[in-house]
Amino acid sequence: MTVRFGTFDAETWWRPADLAELPSVGGDDPAVGAMDELLLGFCAPDDLLITRYPMHPDLLTGHRVRHLSVDDPGPGPVERFIDPNLVHGAEVAPYAVLPDTSRLVGASLPPSEVVAQVNSKTWSNELVIELGLPGAGRVVRSPEELVTAVTELDFRALVKDPYGVSGRALLEISTPGVLRAVERVLRKQDRRVELLVQEKLPKLHDFSGHFLLHRDGTADFLGLQQMTNKGFRHLGSHRPPASLIDESWYAESLGGVIDALAKAGYWGPVGVDAMLLADGTVVPVLEINARQSLGLLTLHLDQRSDLTAHLWQLELNVAPGKGITDVLQAFDGLLSTGDGPGVLVLNGSTLAAPGGRVYLAIFCRPDDLGQWQRRLVTAVDTAGLTPRGMTDAA
Amino acid sequence: MTIEDRVKLVLAKVLDNGTTAEEIGSGADLVEEYGLDSLQTITFLLAIEDEFDLELDYPALQLDDLRSVRQFSAFVERLATPVQ
């Protein structure tokens with residue numbers, strides 16, 4: 001029996017408070033707090049899942065897991081509100097190790113300071129340089145250095161926050177006017193600048209490699225995931241075709257990364273984001289996620305059957321009074337837990353007007369994905385839950 | 001070209017999904033209809049600053065009042081018009 005819980009905006013809690021932020025709009029996304037429902041996809045029978053909010057019982061149907069939600073969650077990670085007796089002496093698998101996770105669980109997890117360090121893009125970029133891998137960027141520590149770095153790249157530049165908090169993770173700077181605006185926003189804050197500047201390369205595909213790094217420094221390669229993105233936003237992932245990349249070669253090429261993570265004192269799940277360029281070059285390390293991830297979740301779901309599991313996000317406009325029950329009813333006859341073709345709804349207990357995001361696992365043969373996506377969109381549309389911005393999603 | 005036409009051109013470029021400026025309706029809701037997410041929104045705003053040579057005060061922006069192209073264009077027009 002494993003106890004599963006977690007905080008999906010882990011980067012918020014790893015990020016040093018004195019760092020200047022890239023321009024952003026809106027506050028934190030409240031829906032992120034309810035994303036821990038997705039951990040249900042990792043659960044084996046009899047596992048204990050602890051979530052921040054109560055889950056809709058229909059989402060738990062057929063999973064044979066024990067579920068609890070914390071009482072009266074306040075601000076901060078869910079780990080602050082979990083009864084220590086529930087995790088004492090148990091095997092635990094948190095989404096990520098935050099300072100609050102360390103306080104709750106203790107020394108059976110790597111120290112949160114180490115986890116924060118190896119999740120920083122500054123750390124992974126230094127490692128890329130040290131290992132001589134392609135695709136290294138440049139860390140800038142002042143607005144002046146930012147201007148120089150972007151100008152030297154002739155405005156083919158991506159600027160990334162070292163902790164990539166959702167919604168304020170990166171910007172493309174392609175004109176002098178945008179650079180001036182970013183520079184102005186940074187200067188106004190009068191805080192410490194630490195940003196990674198990378199050249200925007202002609203990308204063909206995004207993918208990620210997943211490992212489980214053991215405490216003794218050995219690692220099991222778990223597999224690859226090909227990501228579907230909309231611009232820079234992650235929409236979903238699935239197992240890539242064998243022709244995309246040689247899995248064994250990629251696993252071996254990350255040997256230095258695994259050694260460095262172990263040497264830094266980390267153990268646990270690792271997802272390495274990478275990309276394949278139009279000319280066939282592989283950029284093997286774009287960033288390192290030393291935590292669980294949506295790619296790892298999809299790999300886990302993929303093992304349920306011979307079908308391919310495709311993770312997919314559906315953004316819905318929701319009328320007052322409607323919610324996840326209506327989504328589940330719309331998919332009546334199309335639902336599956338992986339034992340046959342169909343869809344598994346992974347979250348959505350807090351889905352309400354005016355709308356939100358639902359994560360789905362579609363189990364099907366790879367060639368049938370488009371057909372399944374169209375079928376699901378038609379189903380929610382018919383139920384009066386209109387999908388947002390669907391013109392290019394499938 | 002009107003301010004609204006220029007806003008639509010910037011938006012079409014940010015959406016980058018084949019939608020043309022001519023296809024964007026003046027009353028269309030940027031979030032509900034075009035699924036503009038937080039990253040696309042900030043990219044759109046930075047490109048608006050560039051296009052109109054404006055300075056936006058990001059922390060003070062009330063985006064809920066600027067969700068249609070028409071509303072947003074009126075907001076840009078107010079900023080772009082020098083105070084008499």
Side-chain angles (χ1 to χ4, degrees), chain A residues 21-29 31-32 155 158-161 164-186 188-189 229-235 313-319 353-357 385-394, chain B residues 3 6-25 27-69 71-72 75-76 79-80:
Chain A
E21 292 178 357
L22 288 168
S24 66
V25 285
D28 295 330
D29 181 358
V32 176
F155 296 93
L158 300 177
V159 180
K160 299 183 178 178
D161 183 279
V165 175
S166 173
R168 58 198 75 167
L170 89 162
L171 288 173
E172 179 177 355
I173 301 187
S174 56
T175 66
V178 171
L179 178 58
R180 276 196 300 277
V182 175
E183 183 192 357
R184 173 173 54 79
V185 170
L186 291 174
K188 232 178 188 173
Q189 294 173 63
N229 289 340
K230 175 183 169 188
F232 295 110
R233 200 184 116 207
H234 179 269
L235 271 190
Q313 292 178 33
L314 205 46
E315 295 264 358
L316 296 171
N317 294 312
V318 178
R357 185 182 305 162
L385 301 145
T386 53
R388 289 177 176 168
M390 287 305 297
T391 47
D392 65 339
Chain B
I3 285 181
R6 288 163 69 191
V7 168
K8 286 178 181 176
L9 276 174
V10 172
L11 179 60
K13 199 173 170 194
V14 170
L15 289 172
D16 193 26
N17 63 0
T19 304
T20 63
E22 292 74 29
E23 288 168 340
I24 296 173
D29 187 298
L30 300 178
V31 175
E32 290 192 6
E33 201 148 327
Y34 294 104
L36 213 66
D37 61 31
S38 56
L39 181 56
Q40 285 177 313
T41 302
I42 193 67
T43 305
F44 171 63
L45 294 174
L46 287 165
I48 288 288
E49 285 197 65
D50 195 11
E51 169 69 22
F52 294 97
D53 197 20
L54 297 173
E55 288 191 9
L56 298 176
D57 183 0
Y58 290 94
L61 276 180
Q62 296 293 325
L63 288 175
D64 281 350
D65 299 332
L66 305 170
R67 295 222 340 200
S68 76
V69 170
Q71 285 174 320
F72 193 84
F75 167 72
V76 169
L79 286 180

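Each chain gets a letter, A, B and so on, in the order its sequence line appears, and its residues count up from 1.
Contact count versus chain A (heavy atoms, under 4.5 Å) is highest, among B:L56, B:L54, B:D53, B:V14, for B:L56.
By the salt bridge (charged side-chain N to carboxylate O under 4.0 Å, His left out) test, A:R180 is found to be paired with no residue, residues two or more places apart in sequence or in another chain being considered. Scored by the side chain to side chain donor-acceptor pair (under 3.5 Å) test, A:D161 finds A:R15 as partners (sequence neighbours excluded).
A salt bridge does not link A:K188 with B:E55: every distance from a Lys NZ or Arg NE/NH1/NH2 to an Asp or Glu carboxylate oxygen is 4.0 Å or more.
Interatomic distance, B:I42 CD1 to A:L22 CG, rounded to the nearest 0.5 Å: 9.0 Å.
Contact record, A:A181 with B:L46: CB-CD2, 3.5 Å, taken as the closest heavy-atom pair. The two residues B:D50 and A:G177 make their nearest non-hydrogen contact at OD1-CA, 3.2 Å.
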